[in-house]
Each structure stands twice: as structure tokens, then as C-alpha cells.
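Quick notes on the structure that follows.
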Amino acid sequence: MPHPVTRLTSALWVAQSRLYAMNSGLWVSAGTACLIDPGIRRDEMDRLVQAVAAQGLQVAALVLTHSHWDHILGPEPFPGVPVVAQAGYAAALHAAAPRTRRVIAHLEAEQGVQRDHPFPLPQPDQTFTQTMDLPVGDLRLRLTHAPGHAADQLTVYDPASGTLWAADMLSDLEIPFVSHSLAAYRATLATLADWDIQTLVPGHGAPTSDPAAIAARLGEDRAYLDELAERIGRVVAAGGSPAAAVAACAEIHFRHPAANAAPHRCNVESAYAELGGAADPAQVGWSQEV
Ligand SMILES: [Zn+2]
């Protein structure tokens, strides 16, 4: 059975996938709704379709927080609903299209999904560059470009309640997956640190409204990225190798060390290339994964 769609705040419902604990959102106000990253499995999307129908909601928009495969499956079950994404979405989707198609084909085959044509990669109906306001009933959701994990990532924020949909950041399960840019990720978190965040929903893992937990996730993730930048920067300045960067970062503290060992290594290799180390960014780290 798919996990239920549960009410997190007066305006936000959340459903968590059995895959990667990925969260899908349903903002609701005055009979109007906005979906965030519906997914991942078919039965989970069907449950969101039922939740919309049961409340008789008019779905005004479907927001894709970024172009990674696990976040883009949702538009198909909601035909006619305008898809909103950041301006870099189409290029990022195109760049990763072969792998995205492969992973989705595998996922659908495993669920017994039959198709005449391959999965249609969703294209946005509306995009923005830096920020945009999205009215949903009485809500004014603010979408903001938030690069670092992905070049096209966005966050969704409700200023009235201080609720932040953080896309693939600030998880209690994952460390920062720096699959786009370390510099951009640090800048994005520095910006978020100034926001009034009363409720935090990560793309993967547990939402929280505990001020201490919100501060801890932000503080830990910023400290982790600072450590990466400092240690790898020193290795690069000394003309060190990728292996030297990995060794220099072996003692960095991060959450769930066993589960996050591989992402940490990808972070180190990609950051080494980004900071000017002697490696082709297309041949190391996250380039081999996403
Ligand atoms: Zn992602």
C-alpha cells in the first residue's frame, strides 16, 4: 500500500514515497491546489489523484523542483495542469535524458507498466529565472532558484506560515548531494539561513517543525560544505591529486556515515574538479552518477 497523504500544516499535505523517502506535496487553499513533485510509484501517484478528487480541488499548477528522474514522473497523471519549473530545467533535463529514460524505463518495467512509447519527459509550461510568486487560493507561494544540488533546483516557500519546501536539501537522511556546484550550494544555504523557517520539508526524509532540528540541519549542512571547500581548496592549492583530496576529507563528520559514504566521495571528487584540481569534471564524481 502506498503511504497516506497526510496533513502537515493547515495548507500543506505531504505523501512520502517508499522509494528514497521522497516527498510529494499538495498545497491547498480555497478549493485550489498546487502539486509539488508528485511521485514516485504509480500507486503513490494514484493516491494523490484520489486526494485531489476527494477534496474536489482545482489544481492550478504542478511544480517540479528539479529535473532529476525521481522528481519528474508526476505530470502524466495530471493532464492539462500547467507545469512550472526553473528556467534551467529544460537544458538540465536534456543533458541527463539518456540516463533519466533508462532509470524510468527500469522502474516502470518493474511495476508492470505497459507503454506504446517511451515515458514522455515533461516540459514546463511556465518558467522563471530567479523568483516568482505563485498564487494558490489565498496563498502566495514564492518559488526561488536554489542551485547547487541541481542547476535548475527551486524551493517553494509560503511566507505566511514560514513553510519551506526545500527540494533536495536539508534532509535528515542524506548529506548535501553536491551534484551541480559546491559554490552555488553554499550560497543557496547562506540565503536560506536568513529566512524565517517554521516548518521544513526536505525532498527526501522527515519534515520537521522543531526549531532546533531546522537549525541543526542548516548548521550541519553548511559546516559540511565549508569543510569540503576548505580541505579540498588546500589540496588543490598544493597541487595534490584527487586521491589526496579524498584522503583530506576522510575525517569530515556527516550524518549516517555508512549510507552516505558514496555520495560523500562523489562530492569530494566533483568539488576537487570545480575548485581547479587536475580532473575533468565530466569524468569524476557525480558526473558518473547523474
Ligand atoms: Zn535530486
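Both ligands and their constituent atoms are indexed starting at 1 by order of listing.
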- Mind checking whether the Zn ion (ligand 1) has an N, O or S of Asp168 under 2.8 Å? yes
### Query
Any idea how His149 and Phe177 line up, ring-wise: parallel (<30°), tilted (30 to 60°), or perpendicular (>60°)?
tilted
Would you kindly say whether Ser24 and Asp37 are connected by a side-chain donor-acceptor distance under 3.5 Å? no
Among N, O or S atoms, His68 approaches the Zn ion (ligand 1) most closely through ND1
*asked:* Restricting to N/O/S atoms, is His66 within less than 2.8 Å of the Zn ion (ligand 1) or not?
replied: yes
Does a salt bridge link Arg41 with Glu108, judged by any charged N lying under 4.0 Å from a carboxylate O? no
Under 3.5 Å, is there a donor-acceptor pair between the Gln58 and Thr32 side chains? no
